[in-house]
Q: 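Quick one: the structure is below, questions incoming.
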Amino acid sequence: LSMAFGNPYGDDWSAELVTLWAKRLSGMGVKHIALADTTGVSNKEKITHLFSTLIPELTGVQVSAHLHALPQAVYEKTQAAYAAGCRNFDAALKGFGGCPMASDSLTGNMDTEEIIGWCRKNEVDYNLNDLALMKASAIATELFSKYQ
């Protein structure tokens, strides 16, 4: 669900509206719903509220976080989602990508390595092959270095 944590364009948004649509999707048989913050407007309060509300209500549905953030906010947003029951995170190697309409040019996909750093610090199993991740990270750095 895009812009699940707020809409900076003036369209209707509320946590209740997000909950309504998540329940509708679940009722149609959708088994995986990502709450997306494509414009980087989420904060720990909104993240906590939505995940702690939706996860218990959507039994049988995997609810994941697709959050965008400034680099210094990755740990805080990861912590808020995890503490609220989220166990699945979308991320991008080196944080590449993002939304060109976000209000800040540095707001982008949350960096996979930063989320893994949070997991290590908090002794949370992240179920990834570290060697494969290192190789993929090196390839991403090489591929995207010409675009920076």
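What you see is a predicted model, and the numbers here were worked out from it, not measured in a lab.
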Q: Identify the heavy atoms of Ile47 and Ala84 that sit nearest to each other, and give their distance.
A: O-CB, 4.4 Å
Q: Kindly give the heavy-atom pair with the smallest separation between Ala4 and Trp13, and that separation in Å.
A: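 So the minimum-distance heavy-atom pair works out to O-NE1, 2.9 Å.
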Q: Gly6 and Pro8: which non-hydrogen atoms are nearest, and at how many Å?
A: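 It is O-CD, 3.9 Å.
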Q: Going by the rule salt bridge (Lys or Arg N to Asp or Glu O under 4.0 Å), which residues pair with Glu113 if we only count those two or more places apart in sequence or in a different chain?
A: Lys94
Q: Going by the side-chain hydrogen bond (donor to acceptor under 3.5 Å, both in side chains) test, which pairs reach into residues 22-36, not counting sequence neighbours?
A: Lys23-Glu57, His32-Ser64
Q: Can you run down the salt bridge (charged side-chain N to carboxylate O under 4.0 Å, His left out) pairs that involve residues 65-87, sequence neighbours left out, and say none if there aren't any?
A: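 Checked against salt bridge (charged side-chain N to carboxylate O under 4.0 Å, His left out) - neighbours excluded - the pairs reaching residues 65-87 are Asp37-Lys77.
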Q: Does anything in residues 41-55 form a salt bridge (charged side-chain N to carboxylate O under 4.0 Å, His left out)? List the pairs, not counting sequence neighbours.
A: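 Residue pairs passing salt bridge (charged side-chain N to carboxylate O under 4.0 Å, His left out), neighbours aside: none found.
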Q: Who clusters with Met134? Use side-chain heavy atoms, under 4.5 angstrom, across I, L, V, M, F, W and Y, and order the result by chain and number.
A: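 Direct or chained contacts put Met134 with Leu131.
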Q: Should Leu20 and Leu58 be counted in the same cluster of Ile, Leu, Val, Met, Phe, Trp and Tyr side chains packed under 4.5 Å apart?
A: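 In one cluster with Leu20: Leu58, yes.
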Q: Is atom CG of Asn127 surrounded by more than 12 heavy atoms (other residues, nucleotides or ligands) closer than 6.0 Å?
A: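 Not buried by this count: 12 neighbours or fewer within 6.0 Å.
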Q: How long is the span from the OG1 atom in Thr78 to the CG atom in Asn122, to the nearest 0.5 Å?
A: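 Answer for the OG1-CG pair, Thr78 versus Asn122, is 9.5 Å.
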Q: With sequence neighbours left out, what residues match Asn88 under side-chain hydrogen bond (donor to acceptor under 3.5 Å, both in side chains)?
A: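 Testing Asn88 for side-chain hydrogen bond (donor to acceptor under 3.5 Å, both in side chains), a comparison that skips the adjacent residues, returns Gln62.
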Q: Do you know which two heavy atoms are closest between Ala92 and Asn109, and how far apart they sit?
A: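 Scanning both residues completely, I find the closest heavy atoms to be CB-CB, 3.7 Å.
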Q: Which residues pass the side-chain hydrogen bond (donor to acceptor under 3.5 Å, both in side chains) test with Asp90, sequence neighbours left out?
A: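 Only His66 meet the side-chain hydrogen bond (donor to acceptor under 3.5 Å, both in side chains) criterion with Asp90.
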Q: Which residues pass the side chain to side chain contact (heavy atoms under 4.5 Å, CB included) test with Tyr75, not counting sequence neighbours?
A: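 Tyr75 satisfies side chain to side chain contact (heavy atoms under 4.5 Å, CB included) with Glu114, Trp118, Lys121 only.
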Q: Can you sort out the partners of Asp12 under salt bridge (Lys or Arg N to Asp or Glu O under 4.0 Å), two or more places apart, ordered by chain and number?
A: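 Asp12 satisfies salt bridge (Lys or Arg N to Asp or Glu O under 4.0 Å) with no other residue.
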Q: Distance-only, no hydrogens or angles: does the His68 side chain make a donor-acceptor pair with backbone N or O of Thr39 under 3.5 Å?
A: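 No; zero donor-acceptor contacts below 3.5 Å.
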Q: Find the distance between CZ (Phe89) and OH (Tyr126) and round it off to the nearest 0.5 Å.
A: 15.0 Å
Q: Under the side chain to side chain contact (heavy atoms under 4.5 Å, CB included) test, which residues partner Ile55, sequence neighbours left out?
A: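 For Ile55, the residues satisfying side chain to side chain contact (heavy atoms under 4.5 Å, CB included) (neighbours in sequence not counted) are Phe51, Val63, Cys86.
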Q: Which pair of non-hydrogen atoms, one from Val30 and one from Ile33, has the smallest distance, and what is that distance?
A: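 Nearest pair, atom of Val30 first, then Ile33: CG1-CG1, 3.8 Å.
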Q: Sequence neighbours excluded, which residues qualify as side chain to side chain contact (heavy atoms under 4.5 Å, CB included) partners of Leu133?
A: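 Residues passing side chain to side chain contact (heavy atoms under 4.5 Å, CB included) with Leu133: Leu93, Thr112, Ile116.
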Q: Compare all side-chain heavy atoms of Val18 with those of Leu54 and state whether any distance is below 4.5 angstrom.
A: yes
Q: Going only through I, L, V, M, F, W and Y residues with side-chain contacts under 4.5 Å, is there a path from Leu50 to Met3?
A: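 The answer is no; the residues belong to distinct hydrophobic clusters.
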Q: Looking at CG of Leu67 and CZ of Phe5, how far apart are the two atoms once the value is rounded to the nearest 0.5 Å?
A: 5.5 Å
Q: Using the test side chain to side chain contact (heavy atoms under 4.5 Å, CB included), find all partners of Ser14 that sit at least two apart in sequence or belong to another chain.
A: Glu16, Leu17
Q: Do Leu35 and Tyr9 belong to the same hydrophobic cluster, where Ile, Leu, Val, Met, Phe, Trp and Tyr are linked whenever their side-chain heavy atoms lie under 4.5 Å apart, directly or via other members?
A: no
